[in-house]
Peer 1: 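The structure is given below, and queries will be raised subsequently.
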Amino acid sequence: MNGKSVLTISLEDISVLLDAFLPDYDFYARNPCKVAIDLIGSYLVSTDHEGVTAIRIVEVEAYGGEDDPASHAFRGLTKRNAPMWDSPGRSYVYFTYGMHYCFNVVTSPKGVAGAVLVRAGQPIQGVDIMTRRRGRSFLRDLCSGPAKLCQAMGIDSTLSNVILDTPRLCILIPRNRKQIEIERSARIGIRNGLNLPWRFYEKDSVWISAKTLNPA
DNA sequence: GATCCGATTCGCT
DNA sequence: GCGAATCGGATCG
């Protein structure tokens with residue numbers, strides 16, 4: 001794939017490459033836990049001037065609305081978290097710790113806050129690009145965390161609140177996805193809502209975030 | 001305005 | 001296992 005084709009790559013090109021399709025509006029307009037589970041095994045694709053990067057999602061977390069104490073939506077609508085109430089099937093990217101970005105897929109019907117945080121994935125396309133952006137070459141270190149995968153895929157806050165239906169940033173579902181064994185746990189890195197088992201990941205995957213690779 | 005702190009990562013002990 | 005990095009958003013005055 002040369003530089004010129006990268007700049008002009010179509011959604012159809014990527015869909016053929018990955019043998020996958022765009023989910024419809026109703027896929028996203030559901031409870032975030034349902035969407036979260038169905039996003040495992042799907043692809044996240046990002047394209048910019050450097051080229052195409054894609055991962056196979058293996059770890060996600062669901063976040064609710066005003067009733068979920070761990071959610072950014074818990075304290076109501078602000079300029080930052082507004083995408084969480086917007087129409088489903090778009091992105092919510094936020095900046096945190098003064099240096100990191102995290103990528104969410106917006107779920108639930110419009111007007112109901114909900115999102116799925118993508119926490120980890122297996123690099124599928126553009127490993128060279130990811131390696132350069134991350135500054136490290138160990139494959140399992142490229143996308144094994146929510147901020148790592150954003151850095152590897154060139155995702156920042158300029159990509160927040162965009163609809164996930166173009167090569168710039170999209171989710172694609174494999175046409176023949178095999179049954180996936182999914183485990184669940186409490187969400188990571190939060191203080192409240194630890195009682196809710198809303199983290200989901202593929203059983204035995206070596207690509208999940210490091211904190212759980214070696215459980216005590 | 002001032003202060004607190006985070007859906008994290010990395011390097012060092 | 002612990003703390004620094006680093007800054008915008010949220011909260012309170």
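Note that the coordinates shown come from a computational prediction; the quantities given were computed from them, not determined experimentally. Proteins get letters first, then strands, A, B, ... in listed order; numbering begins at 1 in each.
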Peer 1: B:dA7 C1' sits how many Å from A:Leu196 CG, rounded?
Peer 2: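 So the two atoms are 14 Å apart, to the nearest Å.
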
Peer 1: Can you confirm whether A:Arg168 is buried at CZ, in the sense that more than 12 heavy atoms of other residues, nucleotides or ligands lie under 6.0 Å from that atom?
Peer 2: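 For A:Arg168, atom CZ is crowded (more than 12 foreign heavy atoms under 6.0 Å).
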
Peer 1: Rounded to the nearest angstrom, tell me the gap between atom CZ in A:Arg187 and atom P in B:dG6.
Peer 2: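 Computing the A:Arg187:CZ to B:dG6:P distance gives 15 Å.
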
Peer 1: Measure the distance from OH on A:Tyr92 to P on B:dA7 and round it to the nearest whole Å.
Peer 2: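 To the nearest whole Å, that distance equals 9 Å.
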
Peer 1: Would you check if there is a donor-acceptor pair between the side chains of A:Ser185 and A:Arg199 at a distance under 3.5 Å?
Peer 2: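 Indeed, the side chains of A:Arg199 and A:Ser185 share at least one donor-acceptor pair under 3.5 Å.
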
Peer 1: Applying a 3.5 Å limit to both distances, which nucleotide forms a Watson-Crick or G-U wobble pair with C:dG8?
Peer 2: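 When the pairing criteria are applied, B:dC5 turns out to be the nucleotide that pairs with C:dG8.
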
Peer 1: Out of A:Lys203, A:Glu59, A:Glu202, which one pairs with A:Glu183 under the side chain to side chain contact (heavy atoms under 4.5 Å, CB included) rule?
Peer 2: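 Single side chain to side chain contact (heavy atoms under 4.5 Å, CB included) partner of A:Glu183 among A:Lys203, A:Glu59, A:Glu202: A:Lys203.
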
Peer 1: Separation of A:His72 atom NE2 from C:dG8 atom C1', in whole Å?
Peer 2: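 Value for this atom pair: 12 Å.
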
Peer 1: What is the distance from CG of A:Leu39 to C1' of B:dA7, rounded to the nearest Å?
Peer 2: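 In whole Å, B:dA7 C1' and A:Leu39 CG are 16 Å from each other.
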
Peer 1: Can you figure out which of B:dA7, B:dT8, C:dA5 approaches the side chain of A:Met99 most closely?
Peer 2: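 Minimum distance to the A:Met99 side chain belongs to C:dA5.
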
Peer 1: From CZ of A:Phe74 over to P of B:dC5, roughly how many Å is that when rounded to an integer?
Peer 2: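 To the nearest whole Å, that distance equals 17 Å.
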
Peer 1: Please check the phosphate of C:dG8 (OP1 and OP2 only) for any side-chain N or O of A:Arg80 closer than 4.0 Å.
Peer 2: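 Negative; the distance criterion is not met.
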
Peer 1: Any side-chain N or O of A:Arg191 less than 4.0 Å from the OP1 or OP2 oxygen of B:dA7?
Peer 2: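 Answer no for this pair, as no side-chain N or O of A:Arg191 is under 4.0 Å from OP1 or OP2.
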
Peer 1: Counting side-chain heavy atoms from C-beta on, which of C:dA10, B:dT9, C:dG8 comes nearest to A:Phe95?
Peer 2: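 The listed nucleotide nearest to A:Phe95's side chain is C:dG8.
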
Peer 1: Can you tell which of B:dT9, B:dG6, B:dA7 lies closest to the side chain of A:Tyr97?
Peer 2: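 Looking only at side-chain atoms, A:Tyr97 lies closest to B:dG6.
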
Peer 1: Applying a 3.5 Å limit to both distances, which nucleotide forms a Watson-Crick or G-U wobble pair with C:dC2?
Peer 2: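 Matched C:dC2 with B:dG11 under the 3.5 Å cut-off.
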
Peer 1: Nearest to the A:Thr78 side chain among C:dA5, B:dA7, C:dG9, which nucleotide is it?
Peer 2: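 For A:Thr78, the side-chain atoms sit closest to C:dG9.
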
Peer 1: Using a 4.0 Å heavy-atom cut-off across all strands, classify A:Leu117 as base, sugar-phosphate, or nothing.
Peer 2: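 Base contact.
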
Peer 1: Of A:Thr53, A:Ile57, A:Val118, A:Leu142, which is the lone residue that meets side chain to side chain contact (heavy atoms under 4.5 Å, CB included) with A:Leu149?
Peer 2: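 Going through A:Thr53, A:Ile57, A:Val118, A:Leu142 one by one, the side chain to side chain contact (heavy atoms under 4.5 Å, CB included) with A:Leu149 is satisfied by A:Val118 alone.
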
Peer 1: So, A:Thr131 and A:Arg134: side-chain donor and acceptor under 3.5 Å apart, yes or no?
Peer 2: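 Distance-only check fails for A:Thr131 and A:Arg134.
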
Peer 1: Classify the nucleic acid contact of A:Ala147 as base, sugar-phosphate or nothing, counting any heavy atom under 4.0 Å across all strands shown.
Peer 2: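 Sugar-phosphate contact only.
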
Peer 1: If you measure from the P atom in B:dC4 to the same atom in C:dA4, how many Å do you get, rounded?
Peer 2: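 Approximately 16 Å lies between the P atom of B:dC4 and that of C:dA4.
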
Peer 1: Rounding to the closest angstrom, what is the interatomic distance between C:dG3 and B:dC5 at atom C1'?
Peer 2: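 After rounding to an integer number of Å, I get 15 Å for this pair.
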
Peer 1: According to a strict under-4.0 Å criterion, is A:Arg75 in side-chain N/O contact with OP1 or OP2 of C:dT11?
Peer 2: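 A:Arg75 to C:dT11 OP1/OP2: side-chain N or O found under 4.0 Å.
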
Peer 1: What is the distance, rounded to the nearest whole Å, between atom CD1 of A:Ile155 and atom C1' of B:dT8?
Peer 2: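 Taking atom C1' of B:dT8 as the reference, CD1 of A:Ile155 is at 16 Å.
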
Peer 1: Please list, pair by pair, any protein nitrogen or oxygen found under 3.5 Å from a nitrogen or oxygen in nucleotides 10-13 of chain B.
Peer 2:
from   : atom 1 : to       : atom 2 : distance (Å)
B:dC10 : OP1    : A:Arg134 : NH1    : 2.8
B:dC10 : OP1    : A:Arg134 : NH2    : 2.7

Peer 1: Counting the benzene-type ring for Trp, do A:Tyr101 and A:Phe103 have ring centres under 6.0 Å apart?
Peer 2: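 Here the rings of A:Phe103 and A:Tyr101 have centres that are no less than 6.0 Å from each other.
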
Peer 1: With respect to the phosphate group of B:dT9, does any side-chain polar atom (N or O) of A:His100 fall under 4.0 Å of OP1 or OP2?
Peer 2: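 No.
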
Peer 1: Please state how far atom OH in A:Tyr101 lies from atom P in C:dG9, giving the value in whole angstrom units.
Peer 2: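 Rounded to the whole Å, the gap is 11 Å.
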
Peer 1: Quick check: A:Tyr94 with A:His72 (ring centres under 6.0 Å apart)?
Peer 2: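 They qualify: ring centres under 6.0 Å apart.
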
Peer 1: Give a yes/no verdict on a cation-pi contact between A:Arg30 and A:Tyr28, requiring under 6.0 Å between NZ or CZ and the six-membered ring centre and an angle within 45° of the axis.
Peer 2: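 Geometry flag: not set, cation outside 6.0 Å or 45°.
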
